[in-house]
Amino acid sequence: FCLGLRIIRQPKWESLATFICSSMKQVAHIRQISRNLRERFGEIRKIDSYVVHIFPSAERIAATSAGELRKCALGYRAKNLLATARLVASGDVDLGKLAALSDIDLRVRLCELPGVGAKVANCVMLFAYERLGAFPIDVWIERVLRERYFPRALKLNARRLEAFTQQYFGGHGGYAQQYLFHHARKTGGRRAVGARNGTRQKR
DNA sequence: AACCAGGGGGTCT
DNA sequence: AGACCCCATGGT
Ligand SMILES: [Mg+2]
């Protein structure tokens, strides 16, 4: 439950790039990486008296090297971001044209990109392609799903979980996911699973 | 199917 | 200061 929660439409390349950088990272660190990329490679724009670096284009990223990207704290993600940037910059992949595809086809195409799997693809679909049914499952979501819907199902693989969320949450599953995510973060990390009780609020 | 590498800031002790 | 946590993807 979170009054006023909204999903905003975000730029395709920037979303794709930052979600490729997001694997195995916490939000604070992803923000740091994005800032590094912007300050190092982003064009400068002046808005009144503010000077900002915009997020670098795929062409700009493609013109860097894995070594330079690593200096932005990307670690092993550097080569994935570089490879994907090259695909986008060369025109082999047209992010704009992908918008015409069905959810299924779009996900398949996104997953073909280096560093993109089911979770990252769903994030990009939800935030950049207006696919409000896309349901990204990260560890936070998985925890809350198991806790609330499968209290003692032991054998429950990713495929079954995904099938359940599509069936159960349907066409606006992405919004449900955002509420669940907010709930999971708000009620504490995995350590709190056993210690939580009185402060619990549902949905 | 199960397991593991990989990078570095965050959080706790 | 040092220990441990975080946690998607791709490859074995
Ligand atoms: Mg892929």
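No hydrogens, no waters, no symmetry mates; every other heavy atom, side chains included, goes into these values.
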Figure out the [atom1]/[atom2] separation between [X] and [N], and round it to whole Å.
X	N	atom1	atom2	value
A:Lys79	C:dT9	NZ	P	13 Å
A:Leu81	C:dG10	CG	P	13 Å
A:Glu112	C:dG10	CD	C1'	15 Å
A:Arg159	B:dA2	CZ	P	14 Å
A:Arg77	B:dG7	CZ	C1'	6 Å
A:Tyr76	C:dT9	OH	P	10 Å
A:Arg35	B:dG9	CZ	C1'	12 Å
A:His29	C:dC5	NE2	C1'	14 Å

(request) Find which nucleotide of DNA chain B each of A:Arg70 and A:Asn157 is nearest to by heavy atoms, and output the residue with the more 5' nucleotide. (result) A:Asn157
(message) Return the pairing partner of B:dG7 with a 3.5 Å limit on both distances, Watson-Crick or G-U wobble; otherwise return none.
(response) none
(message) Checking contacts here: which listed nucleotide (B:dG10, B:dG7, C:dT9) is nearest the side-chain heavy atoms of A:Lys25?
(response) B:dG7
(message) Starting the side chain at C-beta, find the nucleotide from B:dG8, C:dT9, B:dG10 nearest to A:Ala28.
(response) B:dG10
(request) Classify the nucleic acid contact of A:Ile30 as base, sugar-phosphate or nothing, counting any heavy atom under 4.0 Å across all strands shown. (result) nothing
(message) Applying a 4.0 Å non-hydrogen cut-off, can you work out what A:Asn80 is touching in the nucleic acid: base, sugar-phosphate, or nothing?
(response) nothing
(message) With rounding to the closest Å, how many angstrom separate the P atoms on C:dG11 and B:dG7?
(response) 16 Å
(request) Report yes if some heavy atom in the side chain of A:Leu113 is under 4.5 Å from a heavy atom in the side chain of A:Val88; otherwise report no. (result) no
(request) Please check if any side-chain donor atom of A:Ser34 sits under 3.5 Å from a side-chain acceptor atom of A:Arg38, or the reverse. (result) yes
(message) Does atom CD (A:Glu112) have a neighbourhood of more than 12 heavy atoms from anything else shown, all under 6.0 Å?
(response) yes
(message) Is it the case that the ring center of A:Tyr168 lies less than 6.0 angstrom away from the ring center of A:Tyr149?
(response) yes
(request) Measure centre to centre between the rings of A:Phe150 and A:Phe164, then say whether the value is under 6.0 Å. (result) yes
(message) By nearest heavy atom, map A:Val139 and A:Leu113 onto DNA chain C; which one lands nearer the 5' end?
(response) A:Val139
